[in-house]
*Asks:* 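Got a structure for you, written out below as structure tokens; questions coming shortly.
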Amino acid sequence: MLDIKKFSKVYKDGKKAVDNISLSVENGDVFGFIGHNGAGKSTTIKSVVGILDFEEGDIYIDGHSIKKEPLECKSKFAYIPDSPELYEHLTGIQYLNFVADIFGVPEDVRVKRIKEHAGMFGITESLGNLISSYSHGMKQKLAITGAIIHEPKLLILDEPFVGLDPKAVVVLKEIMKKMTAKGNAIFFSTHVLDVAEKLCNKVAMINRGKLVYSGTMDEIIQNQTLEEFFMKELKDEAFIDSSKN
Ligand SMILES: Nc1ncnc2c1ncn2[C@@H]1O[C@H](COP(=O)(O)OP(=O)(O)OP(=O)(O)O)[C@@H](O)[C@H]1O
């Protein structure tokens, strides 16, 4: 569903933020992308969704290259950034109908999905209000409701659990599980390792732009927690670095 192949990203100032990473997300996967601050997660995600361009490697969504066939790719996935920027002058329901129109979601289907997901998040009564009056968490809930209105084959999220209240975290986890049970895939970055451990069947860890692990969660947590694995990987890296000096 998502194939990242030998992808590197160098920013204009010469900073190599991501260095030759490859990974594959398959149908039905809940794939967690973990790493410390500045490791390269958002850079990778923004390149996957076509916001950032890049020279080295390629990224395929359902077999289409984001570089060469961006429109085909964009019809298959939905992306929720860490701080969604929505059209503040629209009401919640106008925004949801706008997204549903873009993706050609039939009236009866969109009504059903809005009722279900806005209801789960508890924002139904606010849908008639302007988005400019929403709190940060409400905007996130609306962005998620909009993103899944066309049942994307691939849902891409950058730090989805930050800023959500505990009930919304439970709801989002439920939505993610339901999506993947239908054979769709999810790729998301997170610092919340205990959620990733419980939710993800696969995980990749990036450290200073390089991939240090990509594989199944089961392999990692045979005799340690994901947090222990994460700390060990970072410690090993620090040891290798200091041994060079
Ligand atoms: N526009 C930019 N120009 C130059 N360097 C950048 C730019 N954006 C990010 N970087 C650098 O690229 C590296 C990776 O940043 P990125 O935002 O991808 O990290 P991240 O893993 O998402 O971090 P966080 O967990 O803090 O969100 C960092 O060293 C960062 O300073």
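One-based numbering, in listed order, for ligands and for the atoms of each.
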*Asks:* When you measure from atom 26 (O) of ligand 1 to every protein heavy atom, which one gives the shortest distance, and what is it?
*Replies:*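 Among all protein heavy atoms, the one nearest atom 26 (O) of ligand 1 is Asn37 ND2, 2.9 Å.
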*Asks:* Filter on side-chain hydrogen bond (donor to acceptor under 3.5 Å, both in side chains), then keep only pairs touching residues 113-132, sequence neighbours left out; what's left?
*Replies:*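 Listed once each, the pairs are Glu116-Lys178.
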*Asks:* Taking only heavy atoms of Thr43 into account, list the atoms of ligand 1 that are under 4.0 Å away from them.
*Replies:*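 Under 4.0 Å from Thr43, ligand 1 has these atoms: 14 (C), 15 (O), 16 (P), 18 (O).
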*Asks:* Between ligand 1 and His191, is the shortest N or O to N or O distance under 3.5 Å?
*Replies:*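 Yes; the residue has a nitrogen or oxygen that sits under 3.5 Å from a nitrogen or oxygen of the ligand.
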*Asks:* Side-chain donor-acceptor pair under 3.5 Å between His64 and Glu69, yes or no?
*Replies:*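 Their side chains do contain a donor-acceptor pair, which is all the 3.5 Å distance test asks for.
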*Asks:* Have a look at ligand 1 and work out which part of Lys41, if any, has a heavy atom under 4.0 Å from it: side chain, backbone, both or neither.
*Replies:*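 Near ligand 1, Lys41 shows its backbone as well as its side chain.
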*Asks:* Who's the nearest protein heavy-atom neighbour of atom 23 (O) of ligand 1, and how far?
*Replies:*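 Looking at atom 23 (O) of ligand 1, the protein heavy atom closest to it is Gly38 N, 2.7 Å.
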*Asks:* Measuring from non-hydrogen atoms of His36 to any atom of ligand 1, is the shortest distance under 4.0 Å?
*Replies:*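 The answer is yes, since His36 has a heavy atom less than 4.0 Å from ligand 1.
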*Asks:* Should the pair Glu159-Lys41 be classified as a salt bridge under the 4.0 Å nitrogen-to-oxygen rule?
*Replies:*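 Not counted as a salt bridge, because no side-chain N and carboxylate O are separated by less than 4.0 Å.
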*Asks:* Decide whether an N or O pair under 3.5 Å exists between Ala17 and ligand 1.
*Replies:*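 In fact, backbone or side chain, Ala17 has no N or O that close.
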*Asks:* Answer with yes or no whether Gly40 contacts ligand 1, where contact means a heavy atom under 4.0 Å from a ligand atom.
*Replies:*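 Under 4.0 Å: yes for Gly40.
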*Asks:* Below 3.5 Å, N or O to N or O, backbone or side chain included: is there any such pair between Thr44 and ligand 1?
*Replies:*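 No, there is no polar N/O contact under 3.5 Å.
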*Asks:* Answer with yes or no whether the side chains of Asp158 and Ser189 bring together a donor and an acceptor at under 3.5 Å.
*Replies:*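 Distance-only check passes for Ser189 and Asp158.
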